[in-house]
Amino acid sequence: MEKTESTQNKYEATLAKYNTRMNDAEVAAQVAKIVAEKVPANNTPDVKKFLFNCIDLTTLRTEDSDESVMKFTQKVNQFDNEFPDLKNVAAICVYPNFAEIVRDTLEVEDVNIACVSGGFPSSQTFIEVKVAETAMAVMEGADEIDIVISVGKFLAGDYETMCDEIQEQKAACKEKHLKVILETGALQTASNIKKASILSM
């Protein structure tokens, strides 16, 4: 798809609606203040129990196999018996080729299957591959797809390609949930993080 000036201006116009000129030192100071004020008050068993239930229990190892992913999933199956006073994790997160193994092994309710997709973690592959991988993960049983934005496209100012890729992968998810990972360390500045957040939404 050929990029036109008017199309690119659409993204610039969207960003212009927000203050994206952030001062990194001021943001760091505000974060430090929030941490200092809020962490001690939230360092309680109830908060920790809540946070445990928000975890995506993840195995993304090079040496993952059908057998290791089955064993990993069985630990989640056994959790309720071992820790009856805690809610289980929110999801099991695996590579797409293991979604079916998790689906067939998972016995507990209220634990989703999340799959990384879209050339995770670098997002450096063809959009056709990203869409196919996402669609196949959903077909194999994923409830949630986790993708990383095309950081290189974003940093080069090619917002249109970055946004189009997100949109195409979202469509491949159908009714399933899409999580867009910003890879904030690579974005380097608070301004870039805010811009990438807005564009991803």
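Fair warning: this is a prediction, and the values are worked out from it, not measured in the lab.
Between A137 and I145, the shortest heavy-atom distance links the atoms CB-CD1, 3.6 Å. Residues A99 and V94 share a closest heavy-atom pair of N-CG2, 4.1 Å. Contact record, S200 with I166: OG-CD1, 3.7 Å, taken as the closest heavy-atom pair. Of all heavy-atom pairs spanning F120 and D146, the tightest one is CD1-O, 4.3 Å. What you find for P96 and C115 is that their closest heavy atoms are CA-SG, 3.9 Å. Closest heavy-atom contact between E168 and I127: OE1-CG1, 3.8 Å.
Listed for the D64 side chain is a donor-acceptor partner under 3.5 Å among the backbone atoms of R61. A donor-acceptor pair is defined here as one N or O able to donate and one able to accept, closer than 3.5 Å; no such pair exists between the side chain of K87 and the backbone of D110. Using a distance-only test at 3.5 Å, with no hydrogens or angles considered, a donor-acceptor pair links the side chain of N23 to the main chain of A25. Without hydrogens or angle criteria, N77 side chain to T105 main chain gives a donor-acceptor distance under 3.5 Å. Between the side chain of E133 and the main chain of G118, a donor-acceptor pair closer than 3.5 Å is present.
Inter-residue side-chain proximity for E144 and L178 is flagged as unmet; no heavy-atom pair is nearer than 4.5 Å. Within the 4.5 Å cutoff, the side chain of K49 has heavy atoms near those of the D85 side chain. Residues V31 and I34 fail the side-chain proximity criterion, which asks for heavy atoms closer than 4.5 Å. In this structure, M162 and Y11 have side chains that are not in contact, with every pair of non-hydrogen atoms separated by 4.5 Å or more. You'll find the side chain of V111 reaches within 4.5 Å of the side chain of I92, heavy atoms only. Within the 4.5 Å cutoff, no side-chain heavy atoms of V89 are placed close to those of F79. Within the 4.5 Å cutoff, no side-chain heavy atoms of K71 are placed close to those of K75. Looking at heavy atoms from C-beta onward, L182 lies in side-chain contact with L187 at the 4.5 angstrom threshold.
Looking only at atom types and distance, the side chain of D24 has no donor-acceptor partner in the side chain of T189 under 3.5 Å away. Between the side chains of N43 and K48, at least one donor N or O sits under 3.5 Å from an acceptor N or O. Looking only at atom types and distance, the side chain of D158 has a donor-acceptor partner in the side chain of T161 under 3.5 Å away. No hydrogens or angles considered: nothing links the side chains of S191 and T20 as a donor-acceptor pair under 3.5 Å. Checking K130 against S123 by side-chain atom types alone, a donor-acceptor pair falls below 3.5 Å.
Around atom NZ of K170, more than 12 heavy atoms belonging to other residues, nucleotides or ligands sit under 6.0 Å away. Taking a 6.0 Å sphere around CD of Q167, one finds it holds 12 or fewer heavy atoms contributed by other residues, nucleotides or ligands. The neighbour count for M136 CE, taken as heavy atoms of other residues, nucleotides or ligands under 6.0 Å away, does not exceed 12. F52 CZ: more than 12 foreign heavy atoms inside a 6.0 Å radius.
Atom-to-atom distance recorded for Y159:OH and K10:NZ is 14.5 Å, nearest 0.5 angstrom. A distance of 5.0 Å separates CG in D143 from NZ in K176, rounded to the nearest 0.5 Å. Of the inter-residue distances, the one linking Q30 atom CD with M22 atom CE reads 7.0 Å to the nearest 0.5 angstrom. Taken from OG in S117 to CD1 in I147, the straight-line distance is 8.0 Å, to the nearest 0.5 Å. The OH atom of Y95 sits 5.0 Å away from the CG atom of L60 when rounded to the nearest 0.5 Å. Note that CE of M201 is 5.5 Å distant from OG of S197, once rounded to the nearest 0.5 Å.
Side-chain heavy atoms closer than 4.5 Å link hydrophobic residues (I, L, V, M, F, W, Y) into clusters, and following such links, possibly through other members, connects I113 to V108. Under a hydrophobic clustering in which Ile, Leu, Val, Met, Phe, Trp and Tyr are joined whenever their side-chain heavy atoms come within less than 4.5 Å, directly or via other members, F83 and L106 fall into the same cluster. Under a hydrophobic clustering in which Ile, Leu, Val, Met, Phe, Trp and Tyr are joined whenever their side-chain heavy atoms come within less than 4.5 Å, directly or via other members, L15 and I149 fall into the same cluster. Taken together through direct or relayed side-chain contacts under 4.5 Å among Ile, Leu, Val, Met, Phe, Trp and Tyr, I55 and V102 form part of one hydrophobic cluster. Cluster annotation: F98 is connected to M70 through the hydrophobic network of ILVMFWY side chains, with a link wherever side-chain heavy atoms come within less than 4.5 Å.
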Run N192 and F154 through side chain to side chain contact (heavy atoms under 4.5 Å, CB included) and show every step you take. CA-CA 9 Å; N192 281 343; F154 172 83; 3.8 Å; yes
Start with the C-alpha gap between S122 and V148, add the side-chain angles, then the distance that decides, and say whether side chain to side chain contact (heavy atoms under 4.5 Å, CB included) holds. CA-CA 7 Å; S122 68; V148 176; over 6 Å; no
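Using a 4.0 Å cut-off between charged nitrogen and carboxylate oxygen, E100 and R103 count as a salt-bridge pair. Salt-bridge formation is detected for the pair D56/K179: a Lys NZ or Arg NE/NH1/NH2 atom is positioned less than 4.0 Å from an Asp or Glu carboxylate oxygen.
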